[in-house]
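Scroll down for the structure; my scribbles are underneath it.
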Amino acid sequence: MASLMIQGCGSDVGKSTLVAGLCRLFANRGLVVRPFKPQNMSNNAAVTADGGEIGRAQALQAVACRTPASVHMNPVLLKPQSDIGAQVVVQGRVVGAYKARAFQDLKPDLLATTLDSYRRLAAEADLVLIEGAGSPAETNLRKGDIANMGFAHAADVPVALVGDIDRGHVIAALAGAHLVLDEADRARIKGFIINKFRGDPALFDDGRRDVVERTGWPDLGLVPWLPPVRFLPAEDAVVLERPAAASEGRRAKLVVPMLSRIANFDDFDPLRNDPAIDLTFLPPGGVLPADADLVILPGTKATLADLAFLRAQGWDVDILAHARRGGRVLGVCGGYQMLGRTVSDPGGVEGPPGSAPGLGLLDVDTVLAGDKTVRPVNGRLAEGAAFEGYEIHVGRTTGAGTQRPLLTIDGHGPDGAVSADGRIAGGYVHGLFDKASARTALLAPLGVAADGQDQSARVDAALDEIAQFLERSLDIAAIARIAGLP
């Protein structure tokens, strides 16, 4: 099996982007490529064609490979519900909620599951590109590891280690990893990559030689800062402060409160990249701007907990005042649930059992019970514009407000609710802004014209551009040789 695992000196060093770029690079050479990540932790999940959940990064990497996403591309997904607990998804299906210590007991069985998924992908591919999680140098996590070196040894795959120079101390990060890894783990690393470099690459030649001398690992290249990355969906909420694109003329001001368990926030990437939009993610402690045209309540992994969080920030007062002034509000998934009269979780599906009043802006009530809905969908907005997206939620929402649905899902019927004056709306579907036609219809009441580009086209073009950057900056021949390609 030809395969290579990309591990990093920490989180957010660019592993996901490098794997996606290499997937597209080798796919462009005519190879059948598959992405894989044994264990991921993210509330930004994607839905596969067969109704399973995987991390958003692996869905993006599947796009880079020009293949449908599969649950086997990310067989273990952890979706945090609290500071010490997470919902565990195995091969696309929820198996339960576990606190951190209890999860450790699952790992021996989960290693077998990850190997099963990996071998399924390897059987259909010329090359499997594997993404690690966090850093292999966290020695306190090495026992029972299934995300980095534990998996690499079990699957017998080579590793390339990535250092992020934009953070600084990249020489210390790589040399320090070499120092703390045991001999077997060090030997598994076949080279290193420096990522996110700005400026003249020649200025870091001495630094690269220093890493080689200190570690003995081959230098596989230096990757520059990649501007096209801004068009790619991200898994980590640290990206939510990206600036909006500059534009002439009228821009609609949209505000998204950053809930503590915000989920699927890539819903808003098309808005971030649309020059007609001024999109702001409101951080905790911030005050909702009085001149906002639209407030969007995003999805969340824990609706009741984040409803309490929203109130603790005083955002409930801000949103209700915004609505009284005639402002518009849109709720997506958990945000839709919050806009209703009540939210109840009698069985403790997302946390301790309980209930709470919602914001009361829509005439609906939600009960968090029943099977989880996970499916790709398409359909039409009430205005007639076509959309494509997905549902991923627990709960059923009922009430008189649903007689004025936001949209209709093909094969499933109406979804969501709209207030009598049309200014408050919500629904369960993620991805509503991706298609230009749907985005145009949703933004029309704000008096702006959205651009005409689908988000999928932006992402595809960005992947090709990133692949070209990697072709120029990495030793692709050495990477192919390490991976075992003929």
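Positions are given from 1, in the same order as the sequence printed here. Computation of the quantities below employed the complete heavy-atom set of this structure, encompassing side-chain atoms and omitting hydrogens, waters and symmetry-equivalent molecules.
The cationic group of Arg472 lies under 6.0 Å from the six-membered ring centre of Phe469 and within 45° of the ring axis, placing it in a cation-pi geometry.
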As a quick check of understanding, evaluate ring pair (Phe, Tyr, Trp, His ring centres under 6.0 Å) for Phe281 and Phe265, giving each step before the final call. CA-CA 10 Å; Phe281 285 92; Phe265 50 81; 7.3 Å; no

Quick one, Cys23 with Val33, criterion side-chain contact (heavy atoms from CB on, under 4.5 Å). Give me CA distance, side-chain angles, the key distance, then yes/no. CA-CA 6 Å; Cys23 282; Val33 188; 4.1 Å; yes

Show your reasoning for whether side-chain contact (heavy atoms from CB on, under 4.5 Å) applies to Leu474 and Ile193. CA-CA 8 Å; Leu474 293 178; Ile193 296 170; 3.9 Å; yes

Please test Lys372 against Gln87 for side-chain hydrogen bond (donor to acceptor under 3.5 Å, both in side chains), starting from the C-alpha separation and ending with a verdict. CA-CA 12 Å; Lys372 190 172 191 178; Gln87 186 182 78; 2.9 Å; yes

Set out, in order, the CA-CA distance, both residues' side-chain angles and the distance that settles side-chain contact (heavy atoms from CB on, under 4.5 Å) for Leu226 and Thr17, then state yes or no. CA-CA 9 Å; Leu226 301 172; Thr17 299; 4.2 Å; yes

I'd like to know whether Ile476 forms a side-chain contact (heavy atoms from CB on, under 4.5 Å) with Leu25, so could you lay out the CA-CA distance, the side-chain angles of the two residues, the decisive distance to 0.1 Å, and finally the verdict. CA-CA 9 Å; Ile476 299 301; Leu25 186 156; 3.8 Å; yes

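A salt bridge is absent between Arg328 and Asp293; no separation between the charged side-chain nitrogens and carboxylate oxygens falls under 4.0 Å. Salt bridge Arg458/Asp454: absent, no basic N to carboxylate O contact under 4.0 Å. Ion pairing of Arg93 with Glu53 is absent here, as no side-chain N (NZ or NE/NH1/NH2) approaches a carboxylate O to less than 4.0 Å. Ion pairing between a basic and an acidic side chain is recognised when a charged N comes within 4.0 Å of a carboxylate O; Asp164 and Lys196 show such pairing.
Here the side chains of Leu310 and Leu259 are in contact, with some heavy-atom distance below 4.5 Å. Inter-residue side-chain proximity for Thr67 and Met73 is flagged as met; some heavy-atom pair is nearer than 4.5 Å. No side-chain heavy atom of Leu282 sits less than 4.5 Å from a side-chain heavy atom of Val256. Side-chain contact between Phe197 and Val223 is absent, with no heavy-atom pair separated by less than 4.5 Å. Side-chain contact between Thr300 and Leu307 is absent, with no heavy-atom pair separated by less than 4.5 Å. Considering only heavy atoms from C-beta on, Lys79 stays 4.5 Å or farther from Ser42 through its side chain. The closest side-chain heavy-atom distance from Arg396 to Val367 is not below 4.5 Å. Proximity of Leu232 to Val459: side-chain heavy atoms (C-beta onward) are separated by under 4.5 Å at one or more points.
Contact between Ala386 and Arg380 at its shortest, heavy atoms only, is N-NH1, 3.6 Å. Shown here for Lys301 and Glu350, the closest heavy-atom pair between the two residues is O-CD, 3.5 Å. When all heavy atoms are compared, the tightest approach of Leu443 to Ala450 is CD1-CB, 3.9 Å. Phe309 and Trp315 get closest at one heavy-atom pair: CE2-CZ3, 4.0 Å. Taking both residues in full, the closest heavy atoms of Val343 and Leu304 are given as O-CD2, 3.6 Å, listed atom of the first, atom of the second, then distance. Across Ala45 and Arg56, no two heavy atoms sit closer than the pair O-NH2, 3.3 Å.
Side chain of Arg375 to backbone of Val47: no donor-acceptor contact under 3.5 angstrom is found. Remark: side-chain polar atoms of Asn40 are not paired, donor with acceptor, to backbone N or O of Leu77 under 3.5 angstrom. Put simply, the side chain of Asn195 gets close to the backbone of Val13: a donor and an acceptor are under 3.5 Å apart. Within the 3.5 Å criterion, the main-chain N or O of Leu111 finds a donor-acceptor partner in the side chain of Thr114. Looking at Gln61, its side chain never comes within 3.5 Å of a backbone N or O of Pro35 through a donor-acceptor pair. No donor-acceptor pair closer than 3.5 Å links the side chain of Asp266 to the backbone N or O of Asp269. Panel note: side chain Asn44, backbone Asn264; a donor-acceptor pair is recorded below 3.5 Å. At least one donor-acceptor pair closer than 3.5 Å links the side chain of Thr113 to the backbone N or O of Asp109. Remark: the backbone N or O of Lys253 is not paired with any side-chain donor or acceptor of Asp278 at under 3.5 angstrom. Remark: side-chain polar atoms of Arg230 are paired, donor with acceptor, to backbone N or O of Pro227 under 3.5 angstrom.
One side chain, Tyr428 or Thr397, offers a donor N or O that lies under 3.5 Å from an acceptor on the other. Side-chain polar atoms of His153 and Asp185 form a donor-acceptor pair below 3.5 angstrom. Side chains of Ser16 and Glu131: a donor-acceptor N/O pair is present below 3.5 angstrom, by distance only. Residues Glu391 and Thr373 have side chains that never bring a donor and an acceptor to within less than 3.5 angstrom of each other. Side chain to side chain, Glu471 and Gln468 fail the donor-acceptor criterion of an N or O pair below 3.5 Å.
For residues 150-159, the pairs satisfying salt bridge (charged side-chain N to carboxylate O under 4.0 Å, His left out) are Asp156-Arg188, with sequence neighbours left out.
Summarising the geometry, atom CZ belonging to Arg120 is positioned 4.0 Å from atom NE2 belonging to His72; distances are rounded to the nearest 0.5 Å. Taking OG1 of Thr280 as the reference point, atom CG of Leu254 lies at 8.5 Å (rounded to 0.5 Å). Rounded to the nearest 0.5 Å, atoms CD1 (Ile54) and NZ (Lys37) are 11.5 Å apart. With rounding to the nearest 0.5 angstrom, the CG atom of Leu31 is 5.0 Å from the CG atom of Asp126. Interatomic distance, Leu432 CG to Leu407 CG, rounded to the nearest 0.5 Å: 6.0 Å. Atom CG of Leu161 is separated from atom CD1 of Ile189 by 4.5 Å, given to the nearest 0.5 angstrom.
Evaluation of the side-chain hydrogen bond (donor to acceptor under 3.5 Å, both in side chains) rule for Arg66 yields Asn28 as partners, not counting sequence neighbours. Residues passing the salt bridge (charged side-chain N to carboxylate O under 4.0 Å, His left out) test with Asp105, sequence neighbours excluded: none.
None of Gln455, Gln453, Arg251, Arg439 except one satisfies the side chain to side chain donor-acceptor pair (under 3.5 Å) rule with Asp274; the exception is Arg439.
Ring to ring, Phe387 and Phe433 are not that close: their centroids are 6.0 angstrom or more apart.
Other residues, nucleotides and ligands contribute only 12 or fewer heavy atoms inside 6.0 Å of the CG atom of Asp371.
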